[in-house]
Novice: 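Just passing along the structure, written as structure tokens.
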Amino acid sequence: MIADAITPPDNSDGIRHQLREHLLVVSDEIENGGVDGHVKIRIRNLTKLSNGMEDPILRGISVDIPKGKIVGIIGPSGGGKSTTLRALNRLWEPPAGTVFLDGHDIVNLDILGLRRKVGMLFQLPVLFEGTVADNIRYGPQLRGEKLSDDEVHKLLNLADLDSSFFSKIGSELSVGQAQRVALARTLANAPEVLLLDEPTSALDPISTENIEEVLVKLKKKWGLTIVMVSHSIKQIQRIADIVCLLVKGEIVEILPPNKLCEAKHPMALKFLELSS
Ligand SMILES: Nc1ncnc2c1ncn2[C@@H]1O[C@H](COP(=O)(O)OP(=O)(O)OP(=O)(O)O)[C@@H](O)[C@H]1O
């Protein structure tokens with residue numbers, strides 16, 4: 001059971017400390033809801049200062065991402081959602097002792113190995129030159145493995161693309177199709193975690209629905225852990241198991257999606273009101 005929404009913080013360090021402590025308790029409760037009660041990614045006091053800006057970009061974020069769940073991150077623009085996501089596979093280097101994958105500090109892991117395990121999909125897919133099959137084979141090829149045609153077809157299928165896409169080239173594809181190829185290419189690395197930064201914001205509603213179905217299927221069948229930044233509260237409500245509300249560099253609420261209306265933080269409330 002996830003705890004009720006948290007008390008709104010003010011600017012004092014004491015309250016901020018209480019808020020973090022409370023979120024850790026909530027995280028622990030969420031942890032118990034994960035597959036085998038296992039925390040896949042543990043974030044502790046993740047802070048990022050900004051050159052030339054008075055306010056830090058991230059102010060001591062602490063949350064546990066349970067294995068085999070979809071965690072949605074929502075919040076106002078500029079709040080630090082992408083920055084948080086990008087720390088998880090070291091697209092920027094988080095401070096030591098702040099991000100752990102299966103209990104291992106990610107700064108001590110081999111970076112290519114980490115990025116294989118923690119794959120990322122961006123808002124706009126960028127396909128490499130060559131065919132769809134070349135794209136899908138790219139990651140394993142870097143490690144000296146060649147995927148068979150059959151394996152490529154299976155990955156296409158997993159990303160909800162039929163076999164006719166095998167030999168197509170990027171310029172022949174719609175953005176929605178290219179996004180699914182990018183997903184298949186990421187899945188070819190057999191990731192354990194998928195980071196998604198607004199993966200459907202450039203897609204039409206049907207392509208969006210297709211991607212959402214694939215994500216839910218990957219969670220259920222593969223036990224994939226998914227962390228998704230989205231501007232769409234409705235999307236988060238459709239597919240996420242847990243929602244983190246990130247405001248001005250702080251996680252101010254962690255709630256199940258059906259309890260978002262119970263959020264208490266004033267900025268969170270305003271954001272939810274304007275977004276609904
Ligand atoms: N490399 C960087 N150097 C300096 N400032 C940065 C850097 N990356 C992000 N920022 C700043 O950090 C803040 C958070 O940015 P971020 O992109 O993480 O927010 P966001 O919540 O994902 O926003 P949006 O919803 O608009 O995508 C912003 O003020 C942004 O300008």
Side-chain angles (χ1 to χ4, degrees), residues 6 8-9 11 16 19-20 23 41-63 65 70-96 98-99 106-107 111 114-115 118-126 175 179 182-183 186 193-203 208 211-212 215 225-240 242-255 257 260 263 265-276:
I6 51 176
N11 287 330
R16 187 157 282 146
L19 168 69
R20 285 194 193 124
L23 288 172
I41 296 183
R42 187 177 295 264
I43 306 176
R44 285 292 177 274
N45 198 24
L46 176 63
T47 296
K48 183 171 168 67
L49 302 175
S50 156
N51 291 339
M53 274 167 60
E54 210 171 285
D55 290 333
I57 297 173
L58 300 180
R59 301 162 179 260
I61 285 181
S62 294
V63 65
I65 311 288
I70 299 181
V71 175
I73 303 181
I74 57 173
S77 196
K81 301 181 293 296
S82 299
T83 306
T84 303
L85 203 65
R86 294 162 80 91
L88 307 186
N89 73 350
R90 288 170 61 189
L91 282 176
W92 68 272
E93 197 74 5
T98 58
V99 182
I106 65 167
V107 299
I111 196 157
L114 170 70
R115 289 186 182 156
V118 183
M120 185 148 181
L121 214 58
F122 300 90
Q123 189 175 10
L124 286 174
V126 179
V175 184
Q179 189 63 297
L183 178 60
T186 304
V193 180
L194 206 50
L195 307 176
L196 307 167
D197 199 351
E198 300 181 48
T200 61
S201 60
L203 308 188
T208 297
I211 292 272
E212 288 177 4
L215 296 177
T225 304
I226 297 174
V227 188
M228 179 164 83
V229 167
S230 176
H231 275 127
S232 165
I233 290 182
K234 290 199 167 63
Q235 174 169 64
I236 291 294
Q237 284 174 325
R238 282 194 296 270
I239 68 168
I242 300 152
V243 187
C244 298
L245 257 160
L246 187 55
V247 178
K248 291 188 177 169
E250 279 184 281
I251 293 185
V252 298
E253 307 265 10
I254 302 176
L255 292 162
L260 266 177
H265 188 280
M267 272 298 286
L269 278 177
K270 192 164 181 200
F271 172 74
L272 292 171
E273 191 186 302
L274 293 173
S275 313
S276 58

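Just follow the structure's listing: the first ligand is 1, and inside any ligand the first atom is 1.
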Novice: Nearest 0.5 angstrom please: I106 CD1 to E93 CD, how far?
Specialist: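 Those atoms lie 7.5 Å apart.
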Novice: For the backbone of G75 and the side chain of K81, can you confirm whether one donor and one acceptor N or O come within less than 3.5 Å of each other?
Specialist: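 Side chain of K81 to backbone of G75, a donor-acceptor pair under 3.5 Å: yes, one is there.
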Novice: Under 3.5 Å, is there a donor-acceptor pair between the side chain of Q179 and the main chain of F122?
Specialist: yes
Novice: When rounded to the nearest 0.5 angstrom, what distance separates NZ in K248 from CD1 in I57?
Specialist: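 Answer rounded to 0.5 Å: 15.0 Å.
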Novice: Can you tell me the protein heavy atom closest to atom 9 (C) of ligand 1 and the distance?
Specialist: T83 OG1, 3.9 Å
Novice: How far is atom 27 (O) of ligand 1 from the closest protein heavy atom, and which atom is that?
Specialist: E198 OE2, 3.8 Å
Novice: Do T208 and Q235 meet the criterion of a side-chain donor-acceptor pair at a distance under 3.5 Å?
Specialist: no
Novice: Nearest 0.5 Å, please: how far is CD in E198 from CG in L124?
Specialist: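 So the gap between those two atoms works out to 10.0 Å.
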Novice: Which is closest to atom 25 (O) of ligand 1 in terms of heavy atoms, R86, K81, K48?
Specialist: K81
Novice: Might you point out which heavy atoms bring G249 and I61 nearest each other, and give the distance in Å?
Specialist: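 Looking at all heavy atoms of both residues, the closest pair is O-CG1, 3.7 Å.
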Novice: Could you list which atoms of ligand 1 come closer than 4.0 Å to a heavy atom of G79?
Specialist: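 Near G79, the atoms of ligand 1 are 19 (O), 20 (P), 21 (O).
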Novice: Identify, by atom number and element, the atoms of ligand 1 in contact range of H231, meaning under 4.0 Å from any of its heavy atoms.
Specialist: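 Result: 25 (O).
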Novice: Got the closest protein heavy atom to atom 3 (N) of ligand 1, with its distance?
Specialist: I57 CD1, 4.8 Å
Novice: Verify the contact flag for atom 1 (N) of ligand 1, where contact means a protein heavy atom under 4.0 Å away.
Specialist: no
Novice: Return yes when at least one protein heavy atom is under 4.0 Å from atom 11 (C) of ligand 1, and no when none is.
Specialist: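 For atom 11 (C) of ligand 1 the answer is yes, since some protein heavy atom falls inside 4.0 Å.
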Novice: Protein heavy-atom contact under 4.0 Å for atom 31 (O) of ligand 1?
Specialist: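 No, there is none.
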Novice: Looking only at protein heavy atoms, which one is nearest to atom 28 (C) of ligand 1, and what is the separation?
Specialist: G78 O, 3.9 Å
Novice: Ignoring hydrogens, what is the shortest heavy-atom contact between A263 and L245? Give both atom names and the distance.
Specialist: CB-CD1, 4.3 Å
Novice: Give the residue, atom name and distance (to 0.1 Å) of the protein heavy atom nearest atom 17 (O) of ligand 1.
Specialist: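 So the nearest neighbour among protein heavy atoms is S82 CB, 3.8 Å.
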Novice: Nearest protein heavy-atom contact for atom 19 (O) of ligand 1: which residue, which atom, what distance?
Specialist: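 It is G80 N, 3.2 Å.
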Novice: Do R115 side-chain atoms and R90 backbone N/O form a donor-acceptor pair below 3.5 Å?
Specialist: yes
Novice: Checking a contact table here: which protein heavy atom is nearest atom 26 (O) of ligand 1, and how many Å away?
Specialist: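 Answer for atom 26 (O) of ligand 1: S77 OG, 2.5 Å.
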